[in-house]
Number of protein chains: 2
Amino acid sequence: MPVRVLLVDDEPLVRAGLRAVLEAQPDIEVAGEAADGAAVIPLVRRLRPDVVAMDVRMPLLDGIEATRALLRTVPDPPKILVVTTFENDEYVYEALRAGADGFLLKRARPAEIVHAVRLIAEGESLLFPASVRQLAAEYGEGGGNRAARAALERARLTEREGEVLRLMARGLSNAEIAARLVVGTETVKSHVSAVLAKLGARDRTQAVITAYESGFVAPG
Amino acid sequence: MPVRVLLVDDEPLVRAGLRAVLEAQPDIEVAGEAADGAAVIPLVRRLRPDVVAMDVRMPLLDGIEATRALLRTVPDPPKILVVTTFENDEYVYEALRAGADGFLLKRARPAEIVHAVRLIAEGESLLFPASVRQLAAEYGEGGGNRAARAALERARLTEREGEVLRLMARGLSNAEIAARLVVGTETVKSHVSAVLAKLGARDRTQAVITAYESGFVAPG
DNA sequence: AACGGGCTCCCCCGCGCGGGGGAGACGATC
DNA sequence: GATCGTCTCCCCCGCGCGGGGGAGCCCGTT
């Protein structure tokens with residue numbers, strides 16, 4: 001009986017690629033697809049896949065949160081293979097802490113992807129931070145917003161911090177934000193500092209960039 | 001006769017995805033694949049594709065260099081569609097200066113990918129403002145920020161100022177921009193001040209917001 | 001009752017940022 | 001040759017920003 005895989009990624013292109021790679025194997029079958037973590041749980045309940053190949057970065061519910069939710073609510077859950085573009089080690093730890101069984105880079109070769117799915121299905125856990133680091137080195141510094149993007153996915157901003165970030169992303173100064181929220185500037189500074197820390201941003205400009213890059217605020 | 005496309009991307013997964021998406025169309029055909037820009041020229045000579053879908057980021061010879069080499073050495077060259085994950089404008093500008101006919105984000109929907117290939121094949125050039133505007137419209141509520149765009153059009157930034165704004169929009173400090181451009185920090189401060197003045201921005205954060213809102217840079 | 005998290009406000013302090021002004025070098029244009 | 005725009009670098013200066021602390025209040029959980 002074939003290994004049944006559920007693909008979860010917000011980019012149709014990636015889903016199509018994974019499907020093409022996996023369905024070329026006789027012993028692997030794509031059970032279904034989802035474009036966001038929020039759709040995973042009902043699909044898992046219905047399709048009962050053996051493996052979920054899950055992107056980390058998705059609009060509504062990211063892969064790490066989706067993994068947590070899945071393991072919390074579904075009895076006898078499938079194995080979870082976290083798929084990511086970004087070769088960030090922190091992802092590995094976050095995903096593993098959330099209960100994922102393995103970790104795979106999107107730029108892996110087809111044979112590696114297939115291998116990873118098979119291993120995971122067999123109950124092996126798959127980690128290779130070493131090769132991740134190696135890949136990162138090969139590709140150089142690469143996409144400058146990689147870390148910023150990763151940041152907001154991990155950051156769990158409070159409601160107030162989210163409000164402040166939105167106002168920062170509209171160009172308001174601390175004093176203006178304070179006036180808008182009817183609080184003191186010192187309070188705003190506290191929130192701003194918290195936002196910067198959680199986002200790994202050095203200054204408000206970087207925080208606003210992260211807000212745009214992650215879709216937390218959208219242009220237009 | 002179908003549009004014949006050559007896929008050039010170092011990630012097999014992306015190639016597989018593009019192939020799956022494009023071959024689902026009756027009027028599009030994948031003529032071949034290459035994993036690096038260095039392999040493109042002989043392949044183009046042999047396969048004579050109508051369109052080359054070319055990644056920018058590749059290990060040996062990147063898409064921009066490959067585009068230059070292709071247009072320099074191959075008579076009656078194919079149309080070149082630059083495919084990228086991160087649409088930092090530097091890439092877009094670089095690619096267009098190199099002679100590419102259009103650019104496409106990997107996260108575009110299949111219909112958009114197909115559309116782009118058809119347009120390019122027909123000789124339409126899929127240029128920066130249009131596609132970015134389109135993306136911006138899809139991303140947000142649809143309409144874009146006319147004011148921000150107007151501000152940027154009125155601004156008429158010089159080449160150097162545009163460079164500086166792009167680096168600002170990547171979160172770099174003045175000192176970091178100076179290092180990147182190999183000039184003094186005082187010089188960068190001059191450019192930044194000019195950008196702020198031309199954009200009507202009070203600080204770099206507002207300038208970056210204008211850059212995003214106008215589509216001068218787009219979220220990745 | 002004890003605890004933790006979130007929101008609020010306060011202190012001090014260093015420094016990067018941005019405004020204002022000026023100036024030399026170079027190339028294109030006239 | 002003179003003018004203009006761009007790029008480069010320099011000065012001084014004020015201030016907002018962000019880091020480092022701490023602290024009280026409310027509320028939900030334990």
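Every chain is numbered from 1 and lettered A, B, ... according to where its sequence line falls, protein lines coming before strand lines. Quick caveat, the model's predicted, so the values are computed rather than measured.
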Tell me, which of residues 167-188 of chain A have any heavy atom that sits under 4.0 Å from an atom in DNA chain D?
S173(A), N174(A)
Selected nucleotide, minimal atom distance to K189(B) side chain, candidates dC7(C), dC12(D), dC9(C)
dC12(D)
Hits for side chain to side chain contact (heavy atoms under 4.5 Å, CB included) against T187(B), two or more places apart or cross-chain, chain-then-number order -> V183(B), H191(B)
Between R160(A) and dT8(C), does any side-chain N or O lie under 4.0 Å from OP1 or OP2?
yes
Just report the end-to-end axis angle for the helix from dA1(C)-dT30(D) to dC30(C)-dG1(D), five pairs per end, to 10 degrees.
40°
Looking only at side-chain atoms of S193(B), point me to the closest of dG18(D), dT8(D), dG19(C).
dG19(C)
Can you measure from CG (L81(A)) to CE (M54(A)) and round to the nearest 0.5 angstrom?
10.0 Å
Residues which pass salt bridge (charged side-chain N to carboxylate O under 4.0 Å, His left out) with R45(A), listed by chain and number, not counting sequence neighbours:
none
Results of side chain to side chain contact (heavy atoms under 4.5 Å, CB included) for S193(B) - residues two or more places apart only
none
Output yes when at least one side-chain N/O atom of R204(A) is less than 4.0 Å from OP1 or OP2 of dG18(D), else no.
yes
Check side chain to side chain contact (heavy atoms under 4.5 Å, CB included) between A179(A) and all other residues, then give those that pass, not counting sequence neighbours.
none
Residue mapping more 5' on DNA chain C - nearest nucleotide basis, S190(B) or A201(B)
A201(B)
What residues, two or more places apart in sequence or in another chain, satisfy salt bridge (charged side-chain N to carboxylate O under 4.0 Å, His left out) together with R72(B)?
none
Contacts of E163(A) meeting salt bridge (charged side-chain N to carboxylate O under 4.0 Å, His left out) (sequence neighbours excluded), chain-then-number -> R160(A)
Residues that N174(A) engages under side chain to side chain contact (heavy atoms under 4.5 Å, CB included), provided they are two or more places apart:
V188(A), K189(A), V192(A), R204(A)
